[in-house]
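The structure under discussion appears below in the form of structure tokens.
Just so it is clear, the structure is predicted and the values come from calculations on it, not from any experiment. Chain letters run A, B, ... following the sequence lines, proteins first and then strands; every chain starts at 1.
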Amino acid sequence: MHDVKAIRLDPIAFDRGLARRGLPAASEAVLALDQARRDAQTALQEAQARRKQVAALVGKAKAAGDSKAADALLSEAEALKDSIAEQAGAEADLAERLHSLLAGLPNLPDAAVPEGRDESANQEVRRWGEPWTAGPRRDHADLGAALKLMDFEAAARLSGARFVVLKGGLARLERALGQFMLDMQTAEHGYTEVAPPLLVRREALYGTGQLPKFEEDLFRTTDDRWLIPTAEVSLTNLVAGQLMDEADLPLRVTALTPCFRAEAGASGRDTKGMIRQHQFNKVEMVSIVAPEQSDAELERMTSCAEAILKRLELPFRTMALCTGDLGFSARRTFDIEVWVASQQTYREISSCSNCGDFQARRMDARFRTPGEKGSRFVHTLNGSGLAVGRALVAVMEHYQDEDGAIAIPQALHPYLSGLTRIEAGA
RNA sequence: GGAGAGGUGGCUGAGCGGUUGAAAGCACCGCACUCGAAAUGCGGCAUACUCGUAAGGGUAUCGGGGGUUCGAAUCCCCCCCUCUCCGCCA
């Protein structure tokens, strides 16, 4: 959510920000509505002030036993009643229109974000490890099927397309990956583990920016609760409506949860394998920080995600998203892409974003600095650390051997009680 | 699911139709006392919007939304949430 005052102050900068995202200017429409709303509000408030005055005078007149004066006042009050109702309606209508206009506008890109229309303009900021270009390149779906440990057909019978059933060693490997990631974020990176709800109210989704614009990407229950598309929703909304002390910041939380996505616009894309599923596990990191710290926190968070891939010895590159590829709530984002051997390309496995105060405004999440008057909105950041399903894909393809068996990365050995290789049927 | 009790400022908690934006306490800030601190005393201390160059006004907000009334934190209705008891249940 944008600060109307900031738009009033510098509409040009606002429109320039939208233009960087490839969107048309909006400040004129916003400011017109804003002005109309304020005029309506001023008129309403004048009427309300008079009503208050009259009501107080009625009380006094009655107390003094002056029924003549009271009657005169009463008839004025009667007249005010209708006009106040009307003006209040007009004001509420304008406020609603302004709010829904504003609620649909994305965050503005940070100055540091590279210019560009789409993902082709994203900039590589660093690269780590050697891509697997020689050796076998069977994809994880074929490997999994051959091992008889990954069953898309069974999943389709149960649930339809874009689900998978993992068995035996692969189910264990998937669990080990999640466990390992969560342990690393908590024990080594200072995030507090949280086990949050997976079903949330629409208000929570509004707070992080999935609603009202991206309803079609989400699964909804019959009682109007929604399955989280990412634990970002649950974790970030932990501070919704809260007024924190600066001493509570930074607040760093993490969770390993299933994520549910309708993948509405993605039909035909990544139809084979586990790359794009309706349900997948992910370790999510969320940081709630003071505004001055959010730039540094984004770097920190990105390195917390990268650390997982380094420990797993999986090659990756880190990309700075360009203005046209930025998500709705983000002001700046780094994607981490892991090498996927079968596709001989890097695929997104983490996305770390600084949302500035954009989500905080929508959620009303503020903090107070001792000795200072008032409060300020916090800054929120979120990042995957990492997507477990895609990590499983990368591990399988990177650690496969000629026989189609999969070696288990050193870092996961403590989680698999002695298992070091996954072979057919085990 | 049934019965009951509640949701008030950062927190605790009074108020239950009129001058209450809201007592009191805690927390916090300033001042005094002190070598300093504690304790104590005095004072200050909500948020949002809005009008105004400013000084300074105004309006709204007592879980949310409607309603009654000249006037609602206070009365009525709906919803949400919390707690207690009963039932059911992983």
Could you tell me which nucleotide pairs with [N] by Watson-Crick or G-U wobble geometry, both distances under 3.5 Å, or answer none if nothing does?
N: A72(B); value: none
N: G1(B); value: C86(B)
N: A46(B); value: U61(B)
N: A22(B); value: none
N: U53(B); value: none
N: C16(B); value: none
N: A32(B); value: U40(B)

Below 4.0 Å: OP1/OP2 of G10(B) and any side-chain N or O of Arg368(A):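 Negative; the distance criterion is not met.
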Between C51(B) and Arg38(A), is there an OP1 or OP2 to side-chain N/O distance shorter than 4.0 Å?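 Affirmative; the distance criterion is met.
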Heavy-atom pair of closest approach, residues Pro109(A) and Leu326(A):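 Pro109(A) and Leu326(A) have their closest heavy atoms at CB-CD2, 3.8 Å.
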Which donor-acceptor pairs under 3.5 Å do side chains of residues 328-336 of chain A form with protein atoms, sequence neighbours excluded?
residue, atom, partner, partner atom, Å
Ser329(A), OG, Thr208(A), O, 2.8
Thr333(A), OG1, Ser353(A), OG, 2.7
Asp335(A), OD1, Ser351(A), OG, 2.7

What distance, rounded to whole Å, do you find between the two [atom1] atoms, one in [N] and one in [M]?
N: C45(B); M: G10(B); atom1: P; result: 15 Å
N: G44(B); M: C26(B); atom1: P; result: 15 Å
N: G15(B); M: G63(B); atom1: P; result: 15 Å
N: A60(B); M: A22(B); atom1: P; result: 13 Å
N: G7(B); M: U74(B); atom1: P; result: 11 Å
N: A27(B); M: G65(B); atom1: C1'; result: 33 Å
N: C83(B); M: C31(B); atom1: P; result: 44 Å
N: A3(B); M: G58(B); atom1: C1'; result: 47 Å

Enumerate the residue pairs fulfilling salt bridge (Lys or Arg N to Asp or Glu O under 4.0 Å) with a member in residues 149-163 of chain A, sequence neighbours excluded, ordered by first and then second residue. Asp151(A)-Lys167(A)
Could you list all the salt bridge (Lys or Arg N to Asp or Glu O under 4.0 Å) pairs where at least one residue sits in residues 20-35 of chain A, not counting sequence neighbours?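 Of all non-adjacent pairs touching residues 20-35 of chain A, those that pass salt bridge (Lys or Arg N to Asp or Glu O under 4.0 Å) are Arg8(A)-Asp34(A), Arg20(A)-Glu115(A), Asp34(A)-Arg37(A), Asp34(A)-Arg38(A).
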Any chance you could lay out the side chain to side chain contact (heavy atoms under 4.5 Å, CB included) test for Val283(A) and Leu386(A), step after step, and finish with the verdict? CA-CA 5 Å; Val283(A) 169; Leu386(A) 308 165; over 6 Å; no
Side-chain donor-acceptor contacts of residues 257-269 of chain A below 3.5 Å, not counting sequence neighbours, with atom names and distances?
residue, atom, partner, partner atom, Å
Arg261(A), NE, Pro229(A), O, 2.8
Arg261(A), NH2, Pro229(A), O, 3.1
Glu263(A), OE1, Arg276(A), NH1, 3.4

Could you list the donor-acceptor pairs under 3.5 angstrom formed by side chains in residues 415-422 of chain A, with sequence neighbours left out?
residue, atom, partner, partner atom, Å
Tyr415(A), OH, Asp183(A), OD2, 2.7
Ser417(A), OG, Arg172(A), NH2, 2.7
Arg421(A), NE, Glu423(A), OE2, 2.9
Arg421(A), NH1, Asp401(A), OD2, 2.6
Arg421(A), NH2, Asp401(A), OD2, 3.3
Arg421(A), NH2, Glu423(A), OE2, 3.1

Under 4.0 angstrom, heavy atoms only, what part of the nucleic acid is [X] near: base, sugar-phosphate, or nothing?
X: Leu73(A); result: nothing
X: Ala77(A); result: sugar-phosphate
X: Val58(A); result: base
X: Arg8(A); result: sugar-phosphate

Distance check needed: [N] [atom2] versus [X] [atom1], whole Å only.
X: Asp245(A); N: C11(B); atom1: CG; atom2: C1'; value: 11 Å
X: Ile7(A); N: C49(B); atom1: CD1; atom2: P; value: 13 Å
X: Arg366(A); N: A48(B); atom1: CZ; atom2: C1'; value: 9 Å

In B/S/- notation (B base, S sugar-phosphate only, - none; protein heavy atoms under 4.0 Å), nucleotides 52-68 of chain B written 5' to 3' is ------BBS--------
May I ask you to decide if the ring planes of Phe163(A) and His278(A) are parallel, tilted or perpendicular, using 30° and 60° as cut-offs? tilted
